[in-house]
Amino acid sequence: MSIPRARKALDGIPAYRAGKPALTEAHKLSSNENPYAPLPGVMERAGSELARINRYPDAGMTVLHEALSERFGLPTDHFAAGTGSVAVLFALLSAHLEAGDEIVHAWRSFEAYPIAADLTGATSVRVPLRPDATHDLEAMAAAVTDRTKVVLVCTPNNPTGPVVTAAELSAFLDAVPRHVLVVVDEAYVEFVRDPEAASGLVALAEHDNVVVLRTFSKAYGLAGLRIGYAIAHPEIAASIRKATPPFAVTDLSQAAAVASLEAQEALDERVELIVQERIAVVEMLRKQGWDVPDTEANFVWLPLGEDAMDFALACDPVSVRPFPGEGVRVSIGMPEVNAQLVALAGQWLEARA
Ligand SMILES: *Cc1c(COP(=O)(O)O)cnc(C)c1O
């Protein structure tokens with residue numbers, strides 16, 4: 001029997017495999033989610049949209065783009081929202097890449113990057129991280145050829161944690177030709193405390209070829225509603241909107257996102273709790289002897305190499321995210337679960353000593 005074949009480009013893309021479910025939601029430290037309930041006002045505002053689900057959403061995403069415009073002090077034409085910033089990235093790449101083009105990104109970095117590149121038929125050029133798990137922007141600039149259309153910069157880097165510094169990003173943008181898009185993926189920007197960290201918005205103010213990606217999935221705690229956005233030059237934002245399926249973002253998600261933006265004070269408090277937990281977890285792990293890279297996100301990276309899978313199994317009932325042969329990423333959750341994870345990590349080291 002022969003059935004229709006998908007494009008060859010899909011052969012290299014892994015099919016989704018469900019991970020082992022965590023014992024409880026609180027034990028899930030595998031997806032960098034926010035462990036807290038939605039921000040004040042979010043459930044009410046989203047709930048009131050339920051009565052209108054017989055209607056299509058506002059395809060122009062007016063309410064959300066206006067709220068973002070006010071937040072960032074930029075005209076609404078600088079924004080393009082989608083069903084998560086990964087979907088926005090897919091739209092951006094499909095708008096800008098053709099088969100044979102090259103896209104440069106660091107590796108190990110976000111798993112979605114090579115998948116998004118493969119889907120467009122472009123070649124993803126992976127530039128190894130430096131030994132301290134940071135982006136090697138000099139090597140990335142050197143990897144740009146006349147076929148390169150896009151460079152992805154993930155700061156803080158998922159799954160390792162460090163940021164790119166403002167000085168590094170600025171030198172990089174000066175070195176890269178202006179017709180190359182530089183995407184600054186700031187999925188974890190709210191958790192950054194390093195004063196030397198790069199800012200995508202500052203870079204965008206100086207360079208029209210910069211696209212900043214932001215999401216409501218991490219700090220804002222709306223991962224389940226699928227909403228993220230790009231901030232870019234109006235022409236680039238327009239191309240992203242054209243490449244986004246119509247009516248993708250529901251009014252319910254937009255209402256929840258706007259209510260979350262309005263709950264800034266509660267957001268700040270909650271993010272600060274997570275940052276303080278991160279600092280404490282890193283300190284305790286280092287005291288135990290772990291070589292944890294600096295992290296400015298809501299997760300920590302354990303460079304376990306070949307022991308990654310063993311360690312992940314030993315963490316039961318806490319679920320973490322192993323990258324076989326490389327390491328394990330552990331999200332910051334509620335304090336008692338973080339403490340449980342730190343204790344498990346200590347036992348694991350002792351058992352090997
Ligand atoms: C989580 C994450 C995103 C955002 O994903 P959504 O699609 O908005 O849920 C984007 N980039 C990186 C690096 C991430 O880790």
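Both counts, for ligands and for their atoms, begin at 1 and track the order of listing. Positions are given from 1 along the sequence.
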Decide, yes or no, whether a salt bridge links Asp310 with Arg352 under the criterion of side-chain N to carboxylate O below 4.0 Å. yes

Scan side-chain atoms only and decide if Tyr188 and Asn32 contain a donor-acceptor pair under the 3.5 Å cut-off. yes

Residue pair Leu261 / Tyr220, side-chain heavy-atom distance below 4.5 Å: yes

Side chains of Glu272 and Arg193: closer than 4.5 Å at any heavy-atom pair? yes

Assess whether atom CD of Glu206 is packed by more than 12 heavy atoms of other residues, nucleotides or ligands within 6.0 Å. yes

Taking atom CD1 of Ile53 as the centre, does the number of heavy atoms from other residues, nucleotides or ligands within less than 6.0 Å exceed 12? no

Do me a favour and list the nearest non-hydrogen protein atom to [atom] with residue, atom name and distance?
atom: atom 5 (O) of ligand 1; result: Val86 CG2, 3.6 Å
atom: atom 7 (O) of ligand 1; result: Arg226 NH2, 2.8 Å
atom: atom 10 (C) of ligand 1; result: Ser85 OG, 3.3 Å
atom: atom 9 (O) of ligand 1; result: Ser217 OG, 2.6 Å
atom: atom 11 (N) of ligand 1; result: Asp185 OD2, 2.7 Å
atom: atom 3 (C) of ligand 1; result: Lys218 NZ, 3.4 Å

If you count the atoms of ligand 1 from 1 in the order shown, which ones are under 4.0 Å from a heavy atom of [X]?
X: Ala187; result: 2 (C), 3 (C), 10 (C), 11 (N), 12 (C), 14 (C)
X: Asn158; result: 13 (C), 14 (C), 15 (O)
X: Cys154; result: 13 (C)

Ignoring angles and geometry beyond distance, decide whether Thr83 reaches within less than 3.5 Å of ligand 1 through its nitrogen or oxygen atoms. no

Has Arg278 got a side-chain atom pairing as donor or acceptor with Leu273's backbone, closer than 3.5 angstrom? no

Measure centre to centre between the rings of Phe311 and Trp290, then say whether the value is under 6.0 Å. yes

Regarding atom 15 (O) of ligand 1: of the candidates Phe299, Phe90, Tyr113, Tyr188, which has the closest heavy atom? Tyr188

